[in-house]
Amino acid sequence: MELEVIKRRAQLYRYQGAGLGLCFLGAVYLFYMVLRIDSYFMAWKFGRGISTLVTFSICIVYALLVALSCLLIRFGSMRIAEILATECNPFLYEACIRRSSMVLYRDRILCNIALAQHCQGNFDKAWETLQGVSPRKLRGGFRANYYILLSAQYFKRGMGLQVHKLEEAFRQSISHKTPYRQEYAQKNGGPAGAAVQSRRKSDWKYFQMLCAGNNLTRALENQDYPAASRFLYERLDLNGNVIRPWMKVNYTFRQAQIYLGLGEKESAKHCLQYVVSKGNRMWAAREAQRILESMETED
C-alpha cells in the first residue's frame, strides 16, 4: 500500500504545486504591470477614469489567477477525499491524510482520520483520535461530522443514554450568539446578511442530520424496526442528492439490518450483497459478508 500512498500523495503535490505556482505568477504579473504602467502619464493622457480602469482590470486578472490556483489546490484535496467517498478504501485514505501537515487544520485532519478508522471498524482507535479534537475549532460540516462520529462511538461503547448530551452540546454550539447574527442580517441585509442566514440554515440542517442518525441507531438498538425505517428515510431526505458511494454503502447496511429485524430475509440479502460488492475495504462490507455467510449456514 505504501506505493499507492506515494502515488496518491504525488497527485496531490502536483495540484498544490501548480496552484501555488500560478498564484506566484499572478503576484509577479500584478507587481510588474502596476510598476511598469506610468499612472501619472495615463491620467494626463487619457484621464483619471481610464487610469483607474486599467489598474482595476489588472487587479481583476490577478484575482482570477489566485482563484484558479485555489481551485487547483482544492481539486487535489478532493482527489484524496475520493479515496474514501468513491473508492470506499478507508485504509488508503487514512494513510494518505496522515502525511498532511497539521499546523493549520489539525482538528479537521484528526476528524478525517477518526472517520477513516471508524469506517475500517477500528472503533477503539477512532475513539482515541476523537479525544484529541477540539470541537470549538471546527465549523460547518467538520463540526457536524465530529458530533456524528462521537455519537456513533458512544453507542458502540454502550453509552447511548449520554448521546442526548452531545446533541445538546451541538445545538448550543450553533445557537451561540444567534440573536446577534439575526440582528446583523436584519440591519445589513445584502450578501453579508444572506451569508449569515445561509450558514445558520446549514448548521440547523446538520443538527437535524445528527438527531435523525442517532434516532435511527436508538430504534435499531430497541428493535423498533418500523421506527428505524422511518428515521432512515428521514436521514436520506436530509442528504438530498448528496449521497456519495461510501454513504450509500452505510445506509444500505442499515436498511439490511431493518429488513432482518422485520423478517424480510430476501430483501436483506439483496442489500447485504450490494454492501459487499460496493463496500470495498469498509467494515460494513466485511460485516455484511459475515452476515451473509451465517444466513447461508442457517439455510
Any chance you could measure [X], atom [atom1], to [Y], atom [atom2], to the nearest 0.5 Å?
X    : Y    : atom1 : atom2 : result
C88  : K278 : SG    : NZ    : 9.5 Å
Y93  : I80  : OH    : CD1   : 9.0 Å
S267 : I258 : OG    : CD1   : 12.0 Å
T252 : I243 : OG1   : CD1   : 9.0 Å
N222 : N215 : CG    : CG    : 10.5 Å
E128 : L130 : CD    : CG    : 10.5 Å

Considering residues at least two apart in sequence or located in another chain, which fulfil the side-chain contact (heavy atoms from CB on, under 4.5 Å) criterion with [X]?
X    : result
Q223 : Y225
T217 : F155, E221, R254
A256 : C271, L272

Pair E168-R171, salt bridge (Lys or Arg N to Asp or Glu O under 4.0 Å): steps then yes or no: CA-CA 5 Å; E168 180 61 21; R171 189 190 65 80; 2.5 Å; yes
Could you list the residues that satisfy side-chain hydrogen bond (donor to acceptor under 3.5 Å, both in side chains) with [X], not counting sequence neighbours?
X    : result
Y251 : R235, N239
R290 : E287
Q257 : none
Q289 : E293

Please evaluate residues F170 and W204 with respect to the criterion ring pair (Phe, Tyr, Trp, His ring centres under 6.0 Å), reporting the C-alpha separation (whole Å), side-chain torsions for both, the decisive distance (0.1 Å), and the verdict. CA-CA 10 Å; F170 183 79; W204 281 107; 8.4 Å; no
With sequence neighbours excluded, what pairs up with R244 under the salt bridge (Lys or Arg N to Asp or Glu O under 4.0 Å) test?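 Salt bridge (Lys or Arg N to Asp or Glu O under 4.0 Å) check on R244 returns E82.
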With sequence neighbours left out, write down each residue that passes salt bridge (Lys or Arg N to Asp or Glu O under 4.0 Å) with R108, or none if nothing qualifies. none
What about Y259 and V275, same hydrophobic cluster or not, with Ile/Leu/Val/Met/Phe/Trp/Tyr joined at side-chain heavy-atom distances under 4.5 Å?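 No; tracing contacts between hydrophobic side chains, which count when under 4.5 Å, never links both residues.
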Quick one: does [X]'s side chain get under 4.5 Å of [Y]'s, heavy atoms only?
X    : Y    : result
Y146 : L115 : no
L138 : N145 : no
D224 : R218 : no
R106 : V133 : no
P135 : L150 : no
L84  : N89  : no

Enumerate donor-acceptor pairs with a distance under 3.5 Å from any side-chain N or O in residues 117-124 to protein atoms, sequence neighbours excluded.
from: Q117; atom 1: OE1; to: A126; atom 2: N; distance (Å): 3.4
from: Q117; atom 1: OE1; to: T129; atom 2: OG1; distance (Å): 2.7
from: Q117; atom 1: NE2; to: E94; atom 2: OE2; distance (Å): 3.1
from: H118; atom 1: ND1; to: Q153; atom 2: NE2; distance (Å): 2.9
from: Q120; atom 1: NE2; to: P90; atom 2: O; distance (Å): 3.2
from: Q120; atom 1: NE2; to: E94; atom 2: OE1; distance (Å): 2.8
from: N122; atom 1: OD1; to: K125; atom 2: N; distance (Å): 3.4
from: D124; atom 1: OD1; to: R157; atom 2: NH2; distance (Å): 3.3

Qualifying ring-ring contact (aromatic ring centres under 6.0 Å, His included) pairs, either residue in residues 262-281, two or more places apart: none
Using every non-hydrogen atom in the two residues, find where [X] and [Y] come nearest and quote the distance to one decimal.
X    : Y    : answer
G132 : L110 : O-CD1, 3.6 Å
L220 : A228 : CD2-CB, 4.0 Å
V276 : A288 : CG2-CB, 3.8 Å

Is a side-chain donor or acceptor of S175 paired with a backbone partner of Q172 at a separation under 3.5 angstrom? no
Quick one: does K205's side chain have a donor or acceptor within less than 3.5 Å of a partner on L238's backbone? yes
Audit row: Y154, L166, side-chain contact (heavy atoms from CB on, under 4.5 Å) steps and yes/no: CA-CA 10 Å; Y154 271 41; L166 295 178; 3.9 Å; yes
NZ/NE/NH1/NH2 to OD/OE distance under 4.0 Å, D203 and R139: no
When the side chains of residues 206-214 are checked against the rest of the protein, which donor-acceptor pairs come out under 3.5 Å, sequence neighbours left out?
from: N214; atom 1: ND2; to: S151; atom 2: OG; distance (Å): 3.4
from: N214; atom 1: ND2; to: E167; atom 2: OE2; distance (Å): 3.0
from: N214; atom 1: ND2; to: L210; atom 2: O; distance (Å): 3.3

